[in-house]
Amino acid sequence: MTVKFCCMVMRINIDCNGCYRKVRKAVLDIHELETHLIEKKQSRVSVYGRFSPQDIAIKIRNKTNRRVEILEVQEFLAPDDVVENHNHHIDHYQKQLISNSWNMAVTTHNQIETRIV
């Protein structure tokens with residue numbers, strides 16, 4: 001049996017700082033997520049963790065009362081021993097894949113970044 005980790009990019013309309021705080025609070029309240037990135041100017045939210053993409057989009061929709069559009073989903077596989085011995089910790093290879101897929105997350109003065117590690 002394998003555990004699937006997902007990296008998902010969503011479009012959520014973030015008009016103001018209040019909208020940003022609402023989206024951030026909703027994302028922080030979801031315990032399945034390991035890390036996230038909120039790009040305010042592009043109205044994009046990227047999340048990573050062990051979850052079902054549809055369930056996370058529905059949870060964020062219900063908590064923020066905003067339309068959530070899933071733009072991209074990438075799945076990563078982790079062997080059982082990594083999950084059992086390291087309490088859902090990701091091995092080095094998968095971290096490298098994640099960092100490569102999040103290279104676009106370099107912040108400029110127009111972006112707001114929040115990460116949980």
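The figures that follow rest on heavy atoms only: side chains count, while hydrogens, waters and symmetry mates do not.
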- Message: Tell me if the CZ atom of Arg11 is crowded by more than 12 foreign heavy atoms within 6.0 Å.
- Response: no
- Between Met8 and Ala57 the two heavy atoms that sit nearest each other are CE-N, 4.4 Å
- Item | Arg44 side, atom CZ; Ile12 side, atom CD1 - distance, nearest 0.5 Å | 12.5 Å
- Taking atom CD1 of Ile14 and atom CD of Gln42, what is their separation to the nearest 0.5 Å? 10.0 Å
- May I ask whether Val47 and Ile58 are part of the same hydrophobic cluster, defined by side-chain heavy atoms of I, L, V, M, F, W, Y residues being less than 4.5 angstrom apart, directly or through others? no
- Query: In Å, rounded to the nearest 0.5 Å, how long is the span from CE of Met10 to CD1 of Ile60?
  - Reply: 3.5 Å
- Spatial distance of atom NZ (Lys40) from atom CZ (Arg24) [nearest 0.5 Å]: 12.5 Å
- Mark yes or no for whether Arg66, through its side chain, and Asn13, through its backbone, hold a donor-acceptor pair below 3.5 Å. yes
- Message: What's the separation between atom OG in Ser43 and atom CD in Glu69, rounded to the nearest 0.5 Å?
- Response: 11.0 Å
- Item | From CA spacing to verdict: side-chain contact (heavy atoms from CB on, under 4.5 Å), His36, Leu28 | CA-CA 9 Å; His36 69 276; Leu28 288 174; 3.6 Å; yes
- Where is the tightest heavy-atom contact between Cys7 and Phe76, given as atom of each residue plus distance? CB-CE1, 3.8 Å
- Could you walk me through whether Glu32 and Asp55 pass the side-chain contact (heavy atoms from CB on, under 4.5 Å) check? CA-CA 10 Å; Glu32 294 95 346; Asp55 293 344; over 6 Å; no
- Message: If I take atom SG from residue Cys6 and atom CD from residue Glu34, how far apart are they, to the nearest 0.5 angstrom?
- Response: 11.0 Å
